[in-house]
Amino acid sequence: MKRLILILAALVLLAACAPSGPGVRSGDGDDAEIGRIEQMLAAGDYEDAALAFEQEALDRPQVAGSLLIRAAEAWLRAERAGEAEQALGRIDVSTLSDHELLRLDLAQAELAMLRGDLANAGWLLASTADQLPDDLEARHAELEARLLELESAPVRGALDALEQAVAEPDFSGETALALMLEFPLTQVERVLYQVGDRPELLPWLDLVISARENLLDDPALDEALTAWERRWPDLEYSADEARRWIAAWRQTRPLPAHITVLLPAKGTSLHRPGEALREGLVAGWLRLPPDHRPRLTFRYIGSEPEAVVSAWFDARENGTDFLIGPLDRGKAQALADLPDAGVIPTLLLNLPEDVDRLAEAGGEIAALALPPETEAELAAIHALATGRRRALVIAQYSEWGERVAEAFTETFMLGGGQVLANRIYDPELPDHSALLRDMLEVDRSEDRIDRLSGLLDGEVESVAQRRTDADVIFLGARAADGRLLRPQLAFFDAGDLALMATSYIVDGAPQTGRDRDLDGISTPMPPWFLDFTTAGTLRERARSLYAGLDNATLSRLHALGRDAIALVPWLSMMRADPTLSLPGMMGELSLPEGNIIRRDLPVIRIEGGVASPVELRNEPAASR
């Protein structure tokens with residue numbers, strides 16, 4: 001049986017090493033040459049085979065892309081990552097077939113593993129898994145197995161060290177945390193299922209998982225550690241000791257020595273917002289331990305796109321370890337377009353126009369932005385999660401209104417909802433009665449009453465009714481418009497419908513005297529604007545120190561600056577672990593796809609002009 005298993009394993013390995021795509025054909029002589037190169041591969045002469053494939057690519061430009069993929073695969077078998085990367089870099093992807101594009105992705109995944117970029121390798125393998133033709137399945141399975149082994153090797157070493165440490169008389173929970181806390185949560189959970197025969201390890205792995213799940217969220221961490229202590233009451237290690245150790249460990253996270261921040265220069269349209277951002281950055285910097293604060297250099301750049309490129313090269317020359325900015329979307333695109341932009345770890349403060357460039361840029365580059373579309377998407381998700389399936393959408397006649405309406409509509413429909421009507425309103429007009437009458441189909445009800453009166457040749461005592469098929473209205477409106485629209489919707493008897501919006505429906509933090517006309521509206525809201533959150537408490541303290549925080553836009557940018565600094569020590573861990581999140585001023589921040597910071601926001605409902613948390617539960621749709 002053992003011999004049979006070894007034989008089968010060898011056959012699988014040979015299948016994986018064999019040419020996995022259709023042969024490259026352009027004549028009998030060419031086929032013979034490809035056969036000769038494949039014999040080199042079978043004999044283990046990977047470097048010679050790679051060079052031969054590259055020569056064939058020069059001689060046969062019509063199939064050069066396919067041949068360069070074969071060359072890269074051979075270089076990878078020789079563990080020559082640099083040569084493989086060069087071969088892949090010479091490929092014109094526009095000439096590749098779908099099959100060749102998948103083969104290219106697998107080569108890129110293998111290269112990422114050779115480089116130690118396991119997160120990117122995992123993403124590439126996951127993105128190709130449901131598109132594989134039969135001849136690439138074995139290679140994909142081989143790469144997945146190799147990735148699993150690479151991911152688990154360090155954590156298994158830490159587990160072995162933990163097993164030895166547990167037997168020592170001076171062992172404590174701090175040893176378990178020190179050995180395993182930095183590993184991604186999924187890896188620690190994986191080894192937990194492998195130690196069922198070693199019960200002495202279970203409480204300590206449970207401790208690590210409890211801490212890792214809530215690593216940066218103090219209230220959730222306190223609750224999780226207290227629950228862990230209740231599960232293991234006989235241990236000579238307490239939740240309080242674990243809290244203190246984790247707090248001290250977080251303060252020791254490595255920070256770059258020198259951060260350059262790119263801000264809009266005086267005279268540019270974004271200069272004042274940039275100053276609010278700078279104040280937030282400095283406020284976040286001051287919250288770091290004094291002996292741990294990096295050097296900050298502020299570089300002011302003009303309005304021309306090339307200014308940011310010049311600033312990037314200057315930052316590279318002056319030894320910058322980390323770059324924050326720019327704030328302008330066009331300049332973010334100019335930076336993302338640089339072929340080696342990620343050489344300096346960078347946190348953009350806006351999304352480039354082509355977000356795909358972030359993934360293509362390579363290196364450590366991510367974007368933290370505040371697009372209103374994010375909140376519109378979250379509003380749609382909340383509406384669906386609470387049982388709403390039929391929506392009416394009314395949005396401001398502007399580019400901003402179009403963007404949020406489109407984001408809500410696409411997400412709502414993707415989740416199985418139906419948009420019954422979509423209307424735009426003129427923000428210059430105070431009265432939207434005609435538009436609302438049409439959207440709510442009140443005019444149709446009035447027409448039916450008139451027809452019935454004509455048929456009966458007399459007055460009919462009846463009240464016009466709005467449509468009853470909708471169960472949610474999304475308002476793509478800003479604060480001034482929202483305070484007009486909400487009462488007008490109530491006038492047309494739409495007050496019992498769920499009303500969703502973005503946080504821009506409120507001018508910053510909700511205020512009792514100002515926002516009673518918004519009662520009944522639910523919206524995702526950044527914690528910064530919620531008085532009952534830690535972030536809201538910080539905002540109140542900051543108002544006396546920084547001018548302009550009563551302005552909602554400037555206040556958002558101040559909070560963005562605080563979040564940017566808070567993210568710096570955790571971005572590398574976030575890339576390796578998509579489950580790791582940071583409770584920020586502008587939302588729960590995570591990096592699930594490696595390049596764009598995701599913001600998850602609590603949903604609140606405005607009642608009496610103030611914000612109240614909304615629990616996620618299925619609510620009966622409004623009906624008559």
Side-chain angles (χ1 to χ4, degrees), residues 10-117 120-147 150 359-360 362:
L11 289 173
V12 169
L13 183 60
L14 286 172
C17 293
S20 54
V24 179
R25 297 177 178 273
S26 85
D28 291 341
D30 291 334
D31 285 346
E33 180 59 21
I34 296 300
R36 186 183 71 83
I37 300 173
E38 288 174 346
Q39 287 177 358
M40 294 183 196
L41 288 173
D45 299 330
Y46 301 133
E47 294 181 13
D48 290 341
L51 291 169
F53 274 129
E54 290 189 352
Q55 183 58 51
E56 284 294 299
L58 292 174
D59 297 340
R60 302 163 64 186
Q62 71 277 16
V63 288
S66 177
L67 290 164
L68 286 170
I69 293 172
R70 299 290 303 276
E73 291 170 345
W75 285 124
L76 289 167
R77 290 175 196 171
E79 296 189 355
R80 298 280 292 273
E83 289 84 350
E85 189 168 18
Q86 289 179 7
L88 294 174
R90 290 164 50 198
I91 295 171
D92 180 358
V93 295
S94 65
T95 66
L96 299 182
S97 67
D98 289 344
H99 183 280
E100 290 164 342
L101 286 170
L102 286 169
R103 193 162 182 170
L104 174 63
D105 282 342
L106 295 183
Q108 294 280 20
E110 187 172 4
L111 176 62
M113 279 188 267
L114 209 55
R115 294 288 196 196
D117 186 358
N120 191 37
W123 182 84
L124 285 165
L125 292 177
S127 66
T128 56
D130 58 352
Q131 310 170 52
L132 291 170
D134 292 344
D135 62 300
L136 291 182
E137 285 183 354
R139 174 158 166 74
H140 187 274
E142 177 208 358
L143 292 174
E144 278 199 322
R146 189 188 308 176
L147 177 63
L150 288 171
E360 296 165 8

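Positions are given from 1 along the sequence. Note that this is a predicted model, so its numbers are computed, not measured.
Without hydrogens or angle criteria, Thr95 side chain to Asp92 main chain gives a donor-acceptor distance under 3.5 Å.
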Evaluate the side-chain contact (heavy atoms from CB on, under 4.5 Å) criterion for residues Glu100 and Leu104: first the C-alpha distance (whole Å), next the side-chain angles of each, then the deciding distance (0.1 Å), finally the verdict. CA-CA 6 Å; Glu100 290 164 342; Leu104 174 63; over 6 Å; no
Going through the distances and angles, do Leu102 and Arg139 end up as a side-chain contact (heavy atoms from CB on, under 4.5 Å)? CA-CA 11 Å; Leu102 286 169; Arg139 174 158 166 74; over 6 Å; no
Test side-chain contact (heavy atoms from CB on, under 4.5 Å) on Trp75 and Glu47 and set out the steps. CA-CA 6 Å; Trp75 285 124; Glu47 294 181 13; 3.9 Å; yes
In sequence, state the C-alpha distance, the side-chain angles, and the governing distance for Leu88 and Glu85, and then conclude on side-chain contact (heavy atoms from CB on, under 4.5 Å). CA-CA 5 Å; Leu88 294 174; Glu85 189 168 18; 5.8 Å; no
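In this structure, the separation between CG on Leu132 and NE2 on His99 is 9.0 Å, given to the nearest 0.5 Å. Rounded to the nearest 0.5 Å, atoms CD (Glu83) and CG (Leu76) are 10.0 Å apart. Considering CG of Asp105 and CH2 of Trp123, their distance stands at 7.5 Å, rounded to 0.5 Å. We find the CG-NE2 distance between Leu125 and His140 to be 4.5 Å, quoted to the nearest 0.5 Å. With rounding to the nearest 0.5 angstrom, the CZ atom of Arg70 is 6.5 Å from the CD atom of Glu73. To the nearest 0.5 angstrom, Gln131 atom CD is 9.5 Å from Leu101 atom CG.
Across every non-hydrogen atom of Arg80 and Leu114, the tightest pair is N-CD2, 4.4 Å. Residue Gly65 comes nearest to Ile91 through the heavy atom pair O-CD1, 4.0 Å, listed as atom of the first residue, atom of the second, then distance. Shortest non-hydrogen contact noted between Ala121 and Ala109 is CB-O, 3.5 Å. Between Tyr46 and Ala78, the shortest heavy-atom distance links the atoms CB-CB, 3.8 Å. When all heavy atoms of Glu54 and Ala71 are compared, the closest pair comes out as CG-CB, 3.6 Å.
At least one side-chain heavy atom of Ile69 sits under 4.5 Å from a side-chain heavy atom of Leu96. Side-chain contact between Leu58 and Arg90 is present, with at least one heavy-atom pair separated by less than 4.5 Å. Two residues are said to be in side-chain contact when any heavy atoms from C-beta on lie closer than 4.5 Å; Phe53 and Leu68 fail this criterion.
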